[in-house]
Amino acid sequence: MLGTHRAQSAAIFIIIVFIMFSWTHLLFVLCGILLNPVLCCDWLRHYGHLSNDSLTLIRLMGGELTESPVSFPDHLYRRIQNTEVQSQLVFIRDSLELILGLYHHDNFSLPVTWDTDKTERFLMSIDRQIDELNTTCVSTNRPADSRLRNYYRRLEKSTLYRTGGSTASWELIRWVTKLHLDQLDFLVSSIKASTATSRRRSTPRQHRH
């Protein structure tokens with residue numbers, strides 16, 4: 001009887017340990033999903049609203065936007081499409097910071113012809129996106145990619161510095177800004193799509209009996 005009791009106790013102990021291990025393993029799996037930089041990023045959930053605001057304001061805060069010949073770093077956007085999500089989020093954050101830096105210029109004032117209220121709201125919208133990315137999505141403070149920084153530096157020199165901050169150069173900056181915001185919007189959409197696909201693949205299928 002004593003041997004049987006010990007065997008039963010050992011069996012119960014093994015079952016309890018197995019259950020605890022199973023729940024611990026499940027907890028780690030769930031945490032791995034929830035702590036994913038995309039799934040837990042509040043910024044991505046309402047990015048569409050922020051993006052629409054920015055694109056609307058950049059269009060309305062100045063004169064009519066006209067397409068202008070300008071160098072655009074398509075290769076940088078193609079390259080970032082093939083990287084991990086965290087790198088893509090850092091790229092978005094860095095791009096927004098560099099865009100904002102163009103408008104907070106120490107040497108040149110914004111055109112007086114621009115709508116002051118809409119311009120300020122546009123800059124606040126970009127700043128809000130950066131702040132939310134830094135607080136909820138991006139875990140690194142490393143400097144922006146040198147190729148990205150060099151592109152914006154060349155853009156600044158070929159427009160604002162070349163013309164002394166003329167209204168025409170600012171309108172060119174505004175046009176290029178819209179192009180970048182469009183591309184960043186596409187990038188966020190691809191992040192959402194790839195994340196949704198990954199989540200569906202990781203969800204066990206229910207089999208009919």
Side-chain angles (χ1 to χ4, degrees), residues 43-44 46-83 87-134 138 143-193:
W43 175 80
L44 280 173
H46 60 272
Y47 170 79
H49 173 70
L50 296 174
S51 176
N52 288 337
D53 281 350
S54 299
L55 286 168
T56 298
L57 290 168
I58 195 68
R59 180 172 55 85
L60 298 178
M61 70 190 205
E64 182 178 356
L65 278 172
T66 55
E67 185 173 351
S68 304
V70 64
S71 175
F72 193 81
D74 293 293
H75 63 289
L76 295 181
Y77 285 95
R78 288 194 298 269
R79 181 180 62 84
I80 202 64
Q81 284 279 1
N82 299 319
T83 61
S87 296
Q88 293 173 345
L89 291 172
V90 170
F91 179 87
I92 295 170
R93 189 275 311 275
D94 291 343
S95 297
L96 292 173
E97 287 183 340
L98 291 165
I99 288 172
L100 190 63
L102 291 173
Y103 293 86
H104 289 307
H105 208 290
D106 294 332
N107 299 321
F108 308 114
S109 301
L110 298 176
V112 296
T113 55
W114 285 4
D115 185 292
T116 303
D117 177 65
K118 290 183 174 64
T119 301
E120 185 63 27
R121 286 164 54 198
F122 166 73
L123 297 178
M124 289 175 61
S125 174
I126 298 297
D127 187 64
R128 178 183 173 186
Q129 293 179 57
I130 296 170
D131 182 65
E132 293 186 4
L133 271 167
N134 282 328
V138 180
D145 183 279
S146 59
R147 286 164 291 192
L148 189 63
R149 284 189 284 108
N150 288 337
Y151 162 77
Y152 278 93
R153 189 178 296 114
R154 290 193 301 270
L155 174 64
E156 189 177 46
K157 289 181 178 179
S158 65
T159 54
L160 298 176
Y161 280 103
R162 176 174 293 180
T163 65
S166 67
T167 299
S169 66
W170 276 114
E171 289 295 346
L172 182 57
I173 290 293
R174 192 164 66 96
W175 165 253
V176 176
T177 297
K178 181 184 180 302
L179 296 181
H180 282 288
L181 293 179
D182 285 334
Q183 288 299 316
L184 294 176
D185 190 64
F186 293 149
L187 181 57
V188 171
S189 296
S190 69
I191 292 174
K192 288 181 177 180

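Side chains included, hydrogens not; waters and symmetry mates left out as well; all remaining heavy atoms used.
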Closest heavy-atom pair and its distance - [X], [Y]:
X: Leu76; Y: Arg147; answer: CD2-CB, 3.9 Å
X: Ser166; Y: Ser169; answer: O-OG, 2.6 Å
X: Val176; Y: Tyr151; answer: CG1-OH, 3.5 Å
X: Ile126; Y: Leu96; answer: CG2-O, 3.7 Å

Rounded at 0.5 Å granularity, tell me how far [atom1] in [X] sits from [atom2] in [Y].
X: Leu181; Y: Ser54; atom1: CG; atom2: OG; value: 6.0 Å
X: Arg128; Y: Leu133; atom1: CZ; atom2: CG; value: 11.5 Å
X: Leu172; Y: Ser158; atom1: CG; atom2: OG; value: 7.0 Å
X: Ile99; Y: Asp94; atom1: CD1; atom2: CG; value: 11.0 Å
X: Thr177; Y: Glu171; atom1: OG1; atom2: CD; value: 10.5 Å
X: Ser125; Y: His49; atom1: OG; atom2: NE2; value: 8.0 Å

Within a strict 4.5 Å, meaning less than it, do heavy atoms of the [X] and [Y] side chains meet?
X: Asn134; Y: Glu97; answer: yes
X: Leu60; Y: Phe122; answer: no
X: Leu187; Y: Phe91; answer: yes
X: Ile173; Y: Leu155; answer: yes
X: Leu50; Y: Glu132; answer: yes

**Request:** Take Leu89 and Ile191, measure what side-chain contact (heavy atoms from CB on, under 4.5 Å) needs, and give me the verdict at the end.
**Result:** CA-CA 9 Å; Leu89 291 172; Ile191 292 174; 4.2 Å; yes
**Pairwise salt bridge (charged side-chain N to carboxylate O under 4.0 Å, His left out) hits with a residue in residues 52-79, at least two apart** = Arg79-Asp145
Donor-acceptor pair, distance only, cut-off 3.5 Å: does the side chain of [X] make one with the backbone of [Y]?
X: Arg174; Y: Gly63; answer: yes
X: Thr119; Y: Asp115; answer: yes
X: Gln88; Y: Gln81; answer: yes

**Asked** Cut-off 3.5 Å, side chains only: do Gln183 and Ser95 have a donor facing an acceptor?
**Response** no
**Pair Arg153-Asn150, side-chain donor/acceptor within less than 3.5 Å** = yes
**Asked** Can His105 and Tyr161 be said to form a ring pair (Phe, Tyr, Trp, His ring centres under 6.0 Å), step by step?
**Response** CA-CA 11 Å; His105 208 290; Tyr161 280 103; 5.5 Å; yes
**Asked** Tyr77 and Phe186: ring pair (Phe, Tyr, Trp, His ring centres under 6.0 Å), yes or no, with the steps?
**Response** CA-CA 10 Å; Tyr77 285 95; Phe186 293 149; 9.5 Å; no
**Request:** With sequence neighbours left out, write down each residue that passes salt bridge (Lys or Arg N to Asp or Glu O under 4.0 Å) with Asp131, or none if nothing qualifies.
**Result:** none
**Asked** Listed by chain and number, what are the salt bridge (Lys or Arg N to Asp or Glu O under 4.0 Å) partners of Asp127, not counting sequence neighbours?
**Response** none
**Prompt:** With respect to Trp170, which candidate in Thr159, Thr163, Leu110 satisfies the side chain to side chain contact (heavy atoms under 4.5 Å, CB included) definition?
**Reply:** Leu110
**Request:** Please report the C-alpha distance between His104 and Leu123 in whole Å, then the side-chain angles of each, then the deciding distance to 0.1 Å, and finally whether the side-chain contact (heavy atoms from CB on, under 4.5 Å) criterion is met.
**Result:** CA-CA 9 Å; His104 289 307; Leu123 297 178; 4.0 Å; yes
**Prompt:** Step by step, would you call Glu120 with Trp114 a side-chain hydrogen bond (donor to acceptor under 3.5 Å, both in side chains)?
**Reply:** CA-CA 10 Å; Glu120 185 63 27; Trp114 285 4; over 6 Å; no
